[in-house]
Amino acid sequence: MAATTKPVMIVGVDDSEQSFFALEWTLDHFMVPSAPNPPFELIIVNSKPFPPSSIGFAVPGVEILSHVDVDLRNIAARVIERAKELCSSKSVNDATLEIVEGDARNVLCDAVERYHATMLVVGSHGYGAIKRAVLGSVSDYVTHHAHCTVMVVKTPKPKREEAHHH
């Protein structure tokens with residue numbers, strides 16, 4: 001690693017609109033204004049859940065692909081493809097894109113360690129309270145556990161929706 005390497009910014013993406021909003025926000029605010037020499041090296045990480053089939057059922061040297069795993073792979077590939085397209089639409093062509101198997105919370109914290117990232121960006125998921133209690137919020141977790149600055153990008157609510165609630 002040369003001494004002149006840029007600080008690393010990691011953006012966690014999944015197949016949600018919130019995470020793509022966060023990626024786009026990051027590109028618009030950090031990468032596009034400073035092109036062609038942005039201040040950060042951008043690494044986009046998608047965590048692919050472990051397929052349920054792989055739990056407690058492994059044949060050495062044989063990969064058993066369930067439908068679920070094929071689906072998970074396809075989703076991950078689509079997410080990365082979409083992230084790539086978004087980057088190139090904004091002329092950001094040197095981002096690194098990774099698919100890492102595992103729980104998003106651990107995957108993102110591990111990536112921060114691996115790359116010695118300066119900043120981690122995640123979208124804010126609008127889960128309801130119950131789902132959040134079950135899943136645990138990725139943004140809450142990484143805010144506490146990642147050894148770097150964490151930016152949680154919130155997707156603005158459309159004004160129309162708010163009017164309906166009253």
Side-chain angles (χ1 to χ4, degrees), residues 1 5-27 29-31 38-87 92 94-155:
M1 294 287 262
T5 48
K6 293 180 184 181
V8 169
M9 179 188 284
I10 295 175
V11 182
V13 292
D14 58 21
D15 60 341
S16 70
E17 289 311 309
Q18 289 93 338
S19 75
F20 276 91
F21 180 86
L23 175 57
E24 185 162 13
W25 194 95
T26 303
L27 294 170
H29 288 78
F30 289 95
M31 299 295 168
F40 290 97
E41 182 187 339
L42 185 64
I43 298 177
I44 298 167
V45 178
N46 170 243
S47 59
K48 180 173 97 60
F50 289 117
S53 63
S54 65
I55 295 167
F57 184 69
V59 181
V62 178
E63 193 173 14
I64 295 166
L65 283 183
S66 65
H67 290 301
V68 176
D69 193 36
V70 172
D71 285 347
L72 291 172
R73 278 188 186 190
N74 290 342
I75 290 168
R78 268 206 309 276
V79 167
I80 289 297
E81 202 44 52
R82 187 176 165 191
K84 245 187 213 144
E85 282 167 14
L86 183 56
C87 287
V92 176
D94 47 4
T96 304
L97 297 100
E98 288 193 337
I99 298 173
V100 183
E101 212 166 39
D103 182 282
R105 290 169 288 196
N106 304 331
V107 164
L108 293 175
C109 289
D110 290 350
V112 166
E113 296 297 298
R114 201 167 69 236
Y115 289 107
H116 306 293
T118 301
M119 184 135 128
L120 171 63
V121 181
V122 289
S124 174
H125 281 278
Y127 292 139
I130 292 174
K131 197 169 181 193
R132 182 179 290 126
V134 175
L135 289 174
S137 159
V138 171
S139 54
D140 287 351
Y141 182 91
V142 296
T143 303
H144 290 120
H145 293 87
H147 296 291
C148 71
T149 296
V150 176
M151 183 167 76
V152 180
V153 179
K154 301 204 169 187
T155 309

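On a predicted model such as this, the values are computed, not experimentally measured, just so you know.
V100 and R114 get closest at one heavy-atom pair: CG2-NH2, 4.4 Å. Between A83 and L23, the shortest heavy-atom contact is CB-CD2, 3.8 Å. Closest non-hydrogen pair, M31 versus P38, comes out as SD-CB, 3.4 Å. In this structure, N46 and D14 approach most closely via the heavy-atom pair ND2-CA, 3.6 Å. Counting all heavy atoms, side chain and backbone alike, C148 lies closest to T118 at CB-O, 3.5 Å. Contact record, G12 with S19: O-CB, 4.0 Å, taken as the closest heavy-atom pair.
Taking CD1 from I10 and CE from M119, the interatomic distance works out to 11.5 Å, rounded to the nearest 0.5 Å. Here the straight-line distance linking atom CG of N74 with atom CD of E81 works out to 12.5 Å at 0.5 Å rounding. Expressed to the nearest 0.5 Å, how far SG of C87 lies from CG of L42 amounts to 5.5 Å. Note that CD1 of I44 and CD1 of I99 are 12.0 Å apart. Values are rounded to the nearest 0.5 Å.
Looking at E41 and T96, their side chains come closer than 4.5 Å, going by heavy atoms from C-beta outward. Side-chain contact between L86 and E24: present, with at least one pair of heavy atoms (C-beta onward) separated by less than 4.5 Å.
Residues forming a side-chain contact (heavy atoms from CB on, under 4.5 Å) with H145 (at least two apart in sequence, or on another chain): C109, Y141. When the side-chain hydrogen bond (donor to acceptor under 3.5 Å, both in side chains) test is applied to S47, no partner is found at least two apart in sequence or on another chain. Not counting sequence neighbours, the partners of T26 by the side-chain contact (heavy atoms from CB on, under 4.5 Å) test are M9, V11, F30, V121, M151. E101 meets the side-chain hydrogen bond (donor to acceptor under 3.5 Å, both in side chains) test with K48; sequence neighbours excluded. With sequence neighbours left out, E17 forms a salt bridge (charged side-chain N to carboxylate O under 4.0 Å, His left out) with R82. Partners of D94 under the side-chain contact (heavy atoms from CB on, under 4.5 Å) rule, at least two apart in sequence or in another chain, are V92. Applying the side-chain contact (heavy atoms from CB on, under 4.5 Å) criterion to P49, with sequence neighbours excluded, gives L72. Under the ring-ring contact (aromatic ring centres under 6.0 Å, His included) criterion, H29 pairs with W25, not counting sequence neighbours.
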